[in-house]
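In the text below, chain A, chain B and the rest are named by the order of the sequence lines, each starting its count at 1. Atom set for the values below is all heavy atoms of this structure, side chains included, hydrogens, waters and symmetry mates excluded.
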Amino acid sequence: MPELPEVETILRGLLPKIKGQRINGVPEDGSKVFQMDPELLGLHLLGQVIRDLRRRAKYLIFDLERHRVIVHLGMTGQLTLRNPGKSDSDGFLRHPVTGLQRTRQHAPDRHTHFQIHLANGTSVLFRDVRKFGKVYLFDVLDGSAGVLFARLGPEPFSEDYTLKCFLERMGTRKLRIKSLLLDQRFIAGVGNIYADEALFEAGVYPGRRVRYLRKYEKVRIFKAVPDVLRKGIVAGGTTINDFVDSDGQVGGFQEQLNVYGREGERCYRCDSVIQKTVVGQRGTHYCPVCQKR
DNA sequence: AACCTTCCCTGATGGC
DNA sequence: TGCCATCAGGGAAGGT
């Protein structure tokens, strides 16, 4: 489940390798991930130079000369680089001595929905098993890409992310705090893993109703969100099942998770048993002692 | 308007 | 061993 740190990790890996490269071809498989006639993708992109690659929330934006290609990875989406001069590999083998993930690239398979062939011979591969991902194509002149982002809340690392605004926008809302953190209109980029981790760090039970939170609790949540996201970026993202960076490597933040995926294990802070429940139809992990109801 | 539920999709997992 | 049900969840759409 690529969230902000995973998308940022992919961005940082891809950008230096593809910036300034001209596009040679874009084979695609006609999958439902395409939000346009998929044949238009190759037709329009052929010959254009990739000027820049940016991130907004969980979206990646490829800035070309005349178009923007915007990719959302959904649940299982992957964007990886492939160099035909190097050998491909399957699975996630770990180095037997160091335990570190070796860099490995993957050949296209039946879940690879498109490739962007670059002039230097390398390719960017988009693979998505569950096809919750989406690929958009916009003309750079008509500005219509804005509709995708119009309703998104502030980036957690931007100047727009202020305590004053955070508190005001919480207002007297009745929904559960975790559901609010997952709402991309409230904050952009938080998903299920980092919502649980942020609420653990803030010491707030995920099922609490926003209107009954104390101000100091809201302040702690305000700080915890960018804090856990930053740690996730530093660690290169979280790999539960599917996430790999642009070089096909797994992330490192799963080693630092305090609650997510730790049901039945001991809390590192107080030694009580981590619980799992459901909040807003999402699996939700918490420490019953560190996060009081 | 605010909030909640359903749906999309496939592979992994567990019960029998 | 095989078969079927269940689960994972981002975000749009539909319902209350």
Side-chain angles (χ1 to χ4, degrees), chain A residues 1-10 29-36 55-60 70-79 90-92 106 108-114 126-136 145 147-153 155-156 168-199 206-213 225 229 232 237-244 250-251 254 257 259-264 274-286:
Chain A
M1 55 215 85
E3 306 179 29
L4 189 153
E6 288 71 41
V7 178
E8 181 69 23
T9 297
I10 291 170
D29 71 352
S31 152
K32 286 184 73 171
V33 301
F34 297 104
Q35 305 298 299
M36 85 296 292
R55 180 188 61 74
R56 171 74 172 107
K58 304 174 190 174
Y59 294 89
L60 274 172
I70 301 182
V71 175
H72 193 294
L73 297 173
M75 281 290 301
T76 53
Q78 302 171 333
L79 274 173
D90 299 320
F92 305 135
H106 299 268
D109 63 9
R110 67 195 183 95
H111 301 298
T112 303
H113 304 304
F114 73 88
F126 176 79
R127 180 176 186 269
D128 185 7
V129 170
R130 268 140 91 174
K131 293 184 238 180
F132 281 16
K134 289 191 165 47
V135 180
Y136 304 86
V147 301
L148 266 187
F149 306 137
R151 291 163 56 176
L152 288 176
E155 284 286 321
E168 279 175 8
R169 297 181 69 222
M170 280 186 159
T172 57
R173 300 188 63 170
K174 293 181 68 176
L175 80 173
R176 302 169 196 277
I177 180 59
K178 173 163 175 178
S179 297
L180 186 62
L181 293 184
L182 290 177
D183 186 344
Q184 302 300 297
R185 292 167 297 186
F186 185 70
I187 313 176
V190 179
N192 207 38
I193 297 173
Y194 294 93
D196 282 4
E197 292 299 310
L199 288 170
R208 294 273 302 282
R209 302 278 175 180
V210 173
R211 66 183 300 180
Y212 299 126
L213 291 173
V225 167
L229 293 175
T238 304
T239 300
I240 301 297
N241 292 309
D242 305 287
F243 173 69
V244 290
V250 298
Q254 64 277 5
L257 295 174
V259 286
Y260 187 88
R262 298 197 62 241
E263 179 189 13
I274 301 299
Q275 307 290 310
K276 183 176 182 184
T277 182
V278 175
V279 173
Q281 287 75 242
R282 296 287 178 259
T284 297
H285 313 72
Y286 65 100

Handout entry: Pair A:Q78-A:H106, side chain to side chain contact (heavy atoms under 4.5 Å, CB included): steps then yes or no
Key = CA-CA 11 Å; A:Q78 302 171 333; A:H106 299 268; over 6 Å; no

Contact class for [X] (heavy atom, under 4.0 Å): base, sugar-phosphate, or nothing?
X: A:G283; answer: sugar-phosphate
X: A:M1; answer: sugar-phosphate
X: A:F186; answer: nothing
X: A:K178; answer: nothing

Problem - Nearest-nucleotide 5' precedence on DNA chain B, A:R282 against A:L175 - result: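 Result of the comparison: A:L175.
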
Problem - Earlier contact from the 5' end, DNA chain B, for A:R209 and A:K32 - result: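 Final value for this comparison: A:R209.
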
Practice task
Check the side chains of A:T284 and A:K178 for a donor-acceptor pair under 3.5 angstrom, ignoring hydrogens and angles.
Solution key: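 A:T284 and A:K178 do have a side-chain donor-acceptor pair below 3.5 Å.
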
Handout entry: Base of C:dA8 paired with side chain of A:R130 (donor-acceptor, under 3.5 Å)
Key = yes

Exercise for the section: Return the orientation label for the A:H285 and A:Y260 ring planes: parallel under 30°, perpendicular over 60°, tilted otherwise. Expected result: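 A:H285 and A:Y260: tilted rings.
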
Just compare [options] and give me whichever is closest to any side-chain atom of [X].
X: A:H72; options: B:dG11, C:dA8, C:dG10; value: C:dG10
X: A:V129; options: B:dC4, B:dT10, C:dA8; value: B:dT10
X: A:Q281; options: B:dT5, B:dC3, B:dT10; value: B:dT5

Handout entry: Phosphate-side-chain proximity, A:K58 and C:dG11, N/O vs OP1/OP2 below 4.0 Å
Key = yes

